[in-house]
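Sequential numbering from 1 along the given sequence is applied to the chain's residues. These numbers come from a predicted model, not from an experiment. Computed from heavy atoms alone, side chains included, the values below leave out hydrogens, waters and symmetry copies.
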Amino acid sequence: QAQLVESGGGSVQAGGSLRLSCVVSEYLYSNNCMGWFRQAPGKEREGVAVIYPGGSSIYYADSVKGRFTISQDNAKNTLYLQMTSLKPEDAAMYYCAVNAPRAAFLWFGGCGFGNRGQGTQVTVSS
């Protein structure tokens, strides 16, 4: 059974919006920081946003501040990323990820992303 399942990607024109969703298994969701990272072809993974339990802290990459909003619905064990004013440089595969420090492959905002979903593709045309 998949532990993190993303959806909501697609193809939009520059300036458009998309909302990504990620359903997280309950045992991963509780009391864990979680967030989103992205990877474009030929580029390094880039942390995008992270949220701590209860929304106590939220961090964004400078490149998305003011345009992206991370949120979560605890009743649904779901993480969201609202993306607005999309730019061509935002195009990438987007992954949600949950804290697992011992297996972390990317650290962002103090959260060690160690579990991730299969990703959802975001394409932005100019």
Side-chain angles (χ1 to χ4, degrees):
Q1 182 176 355
Q3 298 175 336
L4 300 96
V5 180
E6 302 97 334
S7 62
S11 183
V12 297
Q13 290 189 326
S17 300
L18 284 171
R19 188 176 82 153
L20 307 183
S21 300
C22 177
V23 179
V24 182
S25 296
E26 186 169 358
Y27 82 97
L28 284 179
Y29 190 91
S30 299
N31 297 317
N32 265 323
C33 57
M34 59 188 70
W36 297 88
F37 70 96
R38 64 188 181 187
Q39 188 166 23
K43 294 189 176 181
E44 296 290 323
R45 293 183 184 112
E46 177 188 19
V48 174
V50 66
I51 186 167
Y52 280 75
S56 57
S57 293
I58 291 175
Y59 299 95
Y60 294 100
D62 288 342
S63 58
V64 307
K65 278 180 184 176
R67 300 187 298 121
F68 290 12
T69 302
I70 189 171
S71 63
Q72 54 190 166
D73 183 335
N74 295 332
K76 298 180 179 179
N77 290 355
T78 301
L79 180 69
Y80 300 101
L81 185 69
Q82 178 68 51
M83 306 186 294
T84 63
S85 301
L86 282 161
K87 304 175 181 180
E89 52 263 42
D90 293 318
M93 186 72 81
Y94 282 72
Y95 300 86
C96 66
V98 176
N99 187 47
R102 294 181 181 179
F105 52 82
L106 178 68
W107 286 85
F108 182 73
C111 191
F113 292 161
N115 292 290
R116 67 169 178 85
Q118 82 289 349
T120 187
Q121 182 69 46
V122 172
T123 303
V124 184
S125 57
S126 57

Who passes side chain to side chain donor-acceptor pair (under 3.5 Å) against Asp90, sequence neighbours left out?
Arg38, Arg67
Where the side chain of Ser56 meets the backbone of Pro53, is there a donor-acceptor pair that is under 3.5 Å apart?
yes
Quick check: do Ile70 and Ile58 have side-chain heavy atoms less than 4.5 Å from each other?
yes
Show me, pair by pair, the donor-acceptor contacts under 3.5 angstrom made by side chains of residues 10-22, not counting sequence neighbours?
none

Any chance you could lay out the side chain to side chain contact (heavy atoms under 4.5 Å, CB included) test for Val23 and Leu4, step after step, and finish with the verdict?
CA-CA 6 Å; Val23 179; Leu4 300 96; over 6 Å; no
Taking Tyr60 as the starting point, is it possible to reach Leu79 by hopping between hydrophobic residues whose side chains are less than 4.5 Å apart?
yes
Rounded distance [0.5 Å steps], CG in Leu106 versus CZ in Arg45:
7.0 Å
Are the side chains of Phe68 and Leu81 in contact, using a 4.5 Å heavy-atom criterion?
yes
Within-4.5 Å side-chain heavy-atom neighbours: Glu6 and Gln118
yes
Output all residues satisfying side chain to side chain donor-acceptor pair (under 3.5 Å) with Tyr29, sequence neighbours left out; order by chain, then residue number.
Gln72, Asn74
Quick one: does Met83's side chain get under 4.5 Å of Val122's, heavy atoms only?
yes
How about Asn99 and Met34: do any of their side-chain heavy atoms sit closer than 4.5 Å?
no
Residues 30-66 vs disulfide bond (SG atoms under 2.5 Å apart), sequence neighbours excluded, gives Cys33-Cys111
Taking it one step at a time, do Val98 and Phe113 satisfy side chain to side chain contact (heavy atoms under 4.5 Å, CB included)?
CA-CA 5 Å; Val98 176; Phe113 292 161; over 6 Å; no
When you compare the side chain of Gln39 with that of Tyr94, does any pair of heavy atoms fall below 4.5 Å?
no
If you take all heavy atoms of Gln3 and Asn115, which pair is closest and at what distance?
OE1-OD1, 3.9 Å
Any heavy-atom pair between the side chains of Phe108 and Val48 that's under 4.5 Å?
no
For Asp62, check side chain to side chain donor-acceptor pair (under 3.5 Å) against everything at least two apart and list the hits.
Lys65
Evaluate the ring planes of Tyr52 and Tyr59, with Trp represented by its six-membered ring, and classify them as parallel (under 30°), tilted (30 to 60°) or perpendicular (over 60°).
perpendicular
Heavy atoms of Gly114 and Ala100 approach each other most closely as CA-CB, 3.7 Å
Indicate, with yes or no, if the rings of Phe105 and Tyr95 have centres closer together than 6.0 Å.
no
In sequence, state the C-alpha distance, the side-chain angles, and the governing distance for Glu89 and Ser63, and then conclude on side-chain hydrogen bond (donor to acceptor under 3.5 Å, both in side chains).
CA-CA 10 Å; Glu89 52 263 42; Ser63 58; over 6 Å; no
Can you list everything that forms a side chain to side chain contact (heavy atoms under 4.5 Å, CB included) with Lys43? Sequence neighbours excluded, please.
Ala40
Validation row: Val64, Trp36 side chains within 4.5 angstrom (heavy atoms):
no
